Amino acid sequence: MRYTLRTGLAVATLAGSVIIPSAAFAATSHGARTASAADQCTVVKTDGFGAGLGIRMTMSPQGPSVAFFDEADGSPVTGLGPLNRSHPALGRDAGIEAEILNPYGSTPQLLAKTNGGRSGYYNIQNFPTLPKGCSLDEGTVIKQCTVSHQDGIGAGLDARLTMSPKGPSVTFIDEADGSQVTRLGTLNRSRPKLPDSAGIYAEIVQPTSWDPQLKSKTQGGSTPYAFTSFPKLPKGCPLN
């Protein structure tokens, strides 16, 4: 879901906010356990949200997450969360609005509004910054942001089209047994087109764009080229 921010947007940096390394939670709940590298790179910020709710905003190498709790007794409000990269926004039936902006970036923010209708303002809160020496896990980003689909292109071939932060790629599959046709190799940004010796035509059109297509032709003569779109990157994913 997308929102238009109003003029006079209040950017929250509330005096009551508390930022604590997750290792501190580990020390109190697990005795003298030594903090792991993941603990040392995870920071947590608790804050008020409105409507009797509090939020626990966590930033780690695996990205941002948000958990909601009841300010009265501190109990988790499980019906509202958690929010994270795979589930960055509350549903329309939640009664409040909350969405993680830039969930795959190094400076994500939480967009929130607890008053319905036209009353109130949208509010933005920054997630805590990763500690010095810590960074987002690039492998996790690529895994979470990689999508594929498979389409027939003729001549007994399927094309498996993959889109990731590294751009588009294509592998060719034998429809008869599902095996990869290794003689055709893989198309990607550095090799966007099959050589003339391949016996078929296949080329990634606009390989550095957000909307690449596979241009293909497996029959000779006046048969027209076919254009197949790559799957869209999930919402919030980067394109390097």
Side-chain angles (χ1 to χ4, degrees), residues 1-3 19 21-23 25-26 36-45 55-68 76-92 94 97-112 124-151 158-171 173 180 186-190 192 204 206-214 228-240:
M1 62 181 173
R2 296 181 180 274
Y3 304 94
I19 300 177
S22 69
F25 290 113
S36 68
D39 289 332
Q40 293 170 352
C41 286
T42 298
V43 281
V44 180
K45 169 185 174 182
I55 51 173
R56 184 170 291 111
M57 303 169 67
T58 300
M59 189 65 184
S60 77
Q62 284 69 48
S65 65
V66 179
F68 297 86
V77 181
T78 55
L80 292 180
L83 300 184
N84 48 41
R85 285 173 170 170
S86 60
H87 178 58
L90 292 179
R92 293 177 180 267
E97 298 179 16
E99 178 179 6
I100 300 175
L101 305 178
N102 192 26
Y104 288 91
S106 58
T107 55
Q109 296 176 306
L110 180 66
L111 174 68
I124 286 184
Q125 296 194 49
N126 296 322
F127 278 80
T129 303
L130 287 175
K132 185 178 180 180
C134 298
S135 61
L136 294 174
D137 186 334
E138 183 180 355
T140 299
V141 172
I142 291 174
K143 182 178 179 180
Q144 294 174 337
C145 288
T146 297
V147 285
S148 299
H149 71 227
Q150 194 162 310
D151 286 294
D158 280 354
R160 181 175 295 138
L161 284 73
T162 299
M163 191 69 178
S164 81
K166 294 184 176 181
S169 64
V170 182
T171 54
I173 308 298
Q180 183 175 341
T186 299
L187 300 185
N188 48 39
R189 285 175 172 171
S190 61
I204 299 176
Q206 295 184 319
T208 60
S209 76
W210 287 89
D211 300 298
Q213 291 183 307
L214 176 66
T228 307
S229 295
F230 282 78
K232 301 290 185 184
L233 285 175
K235 183 178 180 181
C237 288
L239 180 61
N240 299 332

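Every value quoted in this text rests on a predicted model; they were computed, and no experiment measured them.
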Look at atom CD of Glu138 and say whether more than 12 heavy atoms of other residues, nucleotides or ligands are closer to it than 6.0 Å.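 No - once you tally the heavy atoms of other residues, nucleotides and ligands closer than 6.0 Å, there are 12 at most.
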Should the heavy atoms of other residues, nucleotides or ligands under 6.0 Å from CD of Gln150 be counted, would the total exceed 12?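 It does: Gln150 CD has more than 12 such atoms within range.
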Donor-acceptor pair, distance only, cut-off 3.5 Å: does the side chain of Arg85 make one with the backbone of Cys237?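 No.
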Taking the side chain from Arg189 and the backbone from Pro207, do they hold a donor-acceptor pair closer than 3.5 Å?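 Yes; judged by distance alone, with no hydrogens or angles, the pair exists.
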Residue pair [X] / [Y], side-chain heavy-atom distance below 4.5 Å:
{"X": "Gln144", "Y": "Ser86", "value": "no"}
{"X": "Pro168", "Y": "Leu161", "value": "no"}
{"X": "Pro234", "Y": "Val147", "value": "yes"}

Kindly determine whether Val66 and Phe127 satisfy side-chain contact (heavy atoms from CB on, under 4.5 Å), including the steps that lead there. CA-CA 9 Å; Val66 179; Phe127 278 80; 3.5 Å; yes
Kindly give the heavy-atom pair with the smallest separation between [X] and [Y], and that separation in Å.
{"X": "Met57", "Y": "Gln125", "answer": "CE-O, 3.8 Å"}
{"X": "Leu110", "Y": "Ala98", "answer": "CD1-CB, 4.4 Å"}
{"X": "Thr208", "Y": "Leu239", "answer": "O-CD2, 4.0 Å"}
{"X": "Thr42", "Y": "Ser60", "answer": "OG1-CB, 3.3 Å"}
{"X": "Gly105", "Y": "Met59", "answer": "O-CE, 4.0 Å"}
{"X": "Ala89", "Y": "Leu83", "answer": "C-CD2, 3.8 Å"}

Asp211 vs Gln206, test: side-chain contact (heavy atoms from CB on, under 4.5 Å). Steps then yes/no. CA-CA 7 Å; Asp211 300 298; Gln206 295 184 319; 5.5 Å; no
Atom pair [atom1] ([X]) and [atom2] ([Y]), whose distance is rounded to the nearest 0.5 Å:
{"X": "Thr162", "Y": "His149", "atom1": "OG1", "atom2": "NE2", "result": "9.0 Å"}
{"X": "Ile100", "Y": "Leu90", "atom1": "CD1", "atom2": "CG", "result": "9.5 Å"}
{"X": "Asn240", "Y": "Ser164", "atom1": "CG", "atom2": "OG", "result": "8.0 Å"}
{"X": "Leu214", "Y": "Ile204", "atom1": "CG", "atom2": "CD1", "result": "7.0 Å"}
{"X": "Asn126", "Y": "Leu101", "atom1": "CG", "atom2": "CG", "result": "10.0 Å"}
{"X": "Ile142", "Y": "Asp137", "atom1": "CD1", "atom2": "CG", "result": "9.0 Å"}

Output, in order, the C-alpha distance, side-chain angles, deciding distance and verdict of side-chain contact (heavy atoms from CB on, under 4.5 Å) for Leu136 and Tyr104. CA-CA 8 Å; Leu136 294 174; Tyr104 288 91; over 6 Å; no
How far apart are the C-alpha atoms of Val43 and Thr129, what are their side-chain angles, what is the distance that settles it, and do they pass the side-chain contact (heavy atoms from CB on, under 4.5 Å) test? CA-CA 8 Å; Val43 281; Thr129 303; over 6 Å; no
